[in-house]
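First the structure, in the form of structure tokens, and then the observations on it.
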Amino acid sequence: MAAREERRSFWTWGYVSDEPTETQRREAALRVSARLGREVHVPPIPAIEDITLEKSRIEIPSRLSGFVRADRADRLTHTYGGHRTELLAALRGEFRNPPDAVAHPRTESELESVLEWCDANRHTVVPYGGGTSVVWGVKVPDATDGAVTIDLDNLNAVCEIDDVSRAGKFQAGILGPDLEAPLRPRGLTLRHFPQSFPWSTVGGWVATRSGGHYATNHTHIDDFVESTRMLTPAGWMETRRLPGSGAGPSPDRLVIGSEGALGIITECWLRLQKRPTFRANAGVRFSDWHTGCDAVRAIVQAKLWPANLRILDPAEAGANAGLDGETALLIIGFESADIPQGEYLKHAVTIARDHGGLVDDDELLIDDGDGQAGRRGGAVGAWRNAFIGVNAGLTNGLGLMSDTFETAITWDRWQEFDSTVRARMRRVLDEVLGDGAFLSCRFTHVYPDGPAPYYTFNGAAQPGAENEQWQTIKDEALAAVVDAGGTVTHHHAVGRMHRPAWDRQRPELFGEALKAVKRRLDPNGILNPGVLVDAG
């Protein structure tokens with residue numbers, strides 16, 4: 001299909017039509033004012049024509065001019081990803097080191113041509129999907145004499161659907177809603193819904209190992225990938241489409257999570273499933289956070305495989321689910337296309353109650369096809385609306401420092417890990433943002449051997465010093481999770497932001513092996529330098 005004609009937003013996720021209205025921004029300013037205890041004002045959005053932009057350093061060959069351009073709007077809208085530090089700079093009209101040109105190849109042949117041109121001239125290449133990276137994954141690195149962002153928005157087709165095997169072949173540039181639309185009439189779905197779903201692409205999901213809808217079992221895009229096709233400066237690499245294979249290390253595993261540093265993903269086969277018909281869900285309250293976490297462990301180790309098994313600590317449940325700030329909330333949800341889910345929910349709730357969880361029988365919503373469980377009211381519905389309603393630009397520039405970090409740890413170390421991370425974060429937040437700073441935690445995904453906790457913090461930022469304050473807090477967060485034995489990221493990817501901490505986490509010999517792979521696939525080191533590994 002043709003690429004979407006609407007211009008991308010340069011100061012929030014998505015497109016111009018996704019931008020918050022002035023009314024929404026003013027309402028957000030009132031809420032932030034109440035939160036900070038001082039009046040804040042809505043900053044103006046700069047006009048594209050008024051933004052200072054460095055002159056392009058490269059000359060585009062006439063043979064590529066049909067799909068490679070260096071116009072102002074295209075360069076501006078591809079300068080940044082979706083992290084708050086980037087969006088704040090964009091809101092202030094600060095566009096240091098934009099790409100010199102942006103390519104929109106319409107065919108794999110055109111992609112080959114632009115990559116060959118960049119490689120021959122040593123132009124840095126930044127692959128680009130939906131632009132929602134929150135780890136500085138699509139920024140042009142500083143040390144470059146010329147950079148081309150390759151946007152795959154024209155490579156966005158549904159190539160083939162295999163109803164028998166329940167799989168689909170998709171081009172990498174297809175957006176989440178455009179992937180789901182043709183599946184719906186066939187009763188199928190990918191059912192992979194990262195929070196960036198409306199604006200992110202299949203290629204981006206695979207390249208960054210995105211985490212999606214399921215809290216258990218099918219948690220990452222890894223679980224859906226059947227095969228991949230990727231272009232590198234050294235040539236094409238396409239894997240055989242198979243349900244599974246024991247033939248050596250999986251080549252797909254080299255592609256999944258490669259973050260544009262090894263090649264440009266153009267197509268992939270993804271496993272599909274029937275659309276769910278039966279649903280059941282409930283919200284269980286706990287007076288003690290870690291007792292609730294023990295209930296989560298018991299449920300996931302029972303291998304009931306609920307689609308949703310997320311616990312919110314009291315601070316998170318109070319802020320986003322309407323509870324009292326003293327009570328943790330466990331959200332349990334089951335779904336299936338073929339089998340009623342009420343009994344599975346009741347088993348999970350029984351386990352939760354055995355651990356002290358509180359939920360009345362009439363709070364169990366069981367949908368046997370009548371839409372009952374779809375009416376998520378109360379605390380569960382409130383939190384779901386807060387989660388789905390994310391808009392990265394809504395509070396941007398209002399003086400509120402707000403961000404998240406996520407990790408994973410085994411159950412045996414969880415309580416000590418949580419206590420350590422909270423203590424270190426509490427100290428740095430009090431030091432940088434003051435004693436009114438907010439810190440909360442929830443589980444986004446859980447495994448039989450451990451949870452994936454997701455921490456949120458916010459507080460009053462010092463105008464003009466936001467980035468420095470954020471960096472101090474982020475450095476401590478990364479040091480805390482790595483020192484305590486966790487991972488630097490569970491589903492946000494490494495990018496340039498997490499790279500220093502990932503260098504500490506990964507085995508040194510593995511890092512050397514990855515560099516060798518990059519040298520073979522990308523001999524001149526043009527692909528997304530600084531992400532995952534350095535060239536050479």
| query | Any side-chain heavy-atom pair from F443 and V296 closer than 4.5 angstrom? | reply | yes

| Does R84 pair with D403 as a salt bridge, N-O distance under 4.0 Å? | no

| When you measure from the side chain of R279 to the backbone N and O of D367, does any donor-acceptor pair fall under 3.5 Å? | no

| said: If I compare all heavy atoms of W305 with all of F334, which pair ends up nearest, and what's the gap? | reply: C-CE2, 4.2 Å

| request: For T124, enumerate each residue passing the side chain to side chain contact (heavy atoms under 4.5 Å, CB included) test, keeping only those at least two apart in sequence or located in another chain. | output: V126, P141, T144, A147, P529

| task | Identify whether the distance between the nearest side-chain nitrogen and carboxylate oxygen of E259 and R209 falls below 4.0 Å. | result | no

| Check: H490 ring centroid to H445 ring centroid under 6.0 Å | yes

| Whether H218 and Y214 hold their rings parallel, tilted or perpendicular, with breakpoints at 30° and 60° | tilted

| said: Checking M497 against K474 for the side chain to side chain contact (heavy atoms under 4.5 Å, CB included) test, could you report, in this order, the C-alpha distance in whole Å, the side-chain angles of both residues, the deciding distance, and whether it holds? | reply: CA-CA 9 Å; M497 182 184 295; K474 181 67 174 181; 3.6 Å; yes

| query | Does the pair D503/R506 count as a salt bridge with the N-to-O cut at 4.0 Å? | reply | yes

| said: Whether the W205 and S200 side chains hold a donor-acceptor pair (N or O, under 3.5 Å, no angle test) is what I'd like checked. | reply: yes

| Is there side-chain contact between T404 and Y454, with heavy atoms separated by less than 4.5 Å? | yes

| So, F405 versus H498, ring centres under 6.0 angstrom or not? | no

| Side-chain donor/acceptor of R310 to backbone N/O of I332, under 3.5 Å | no

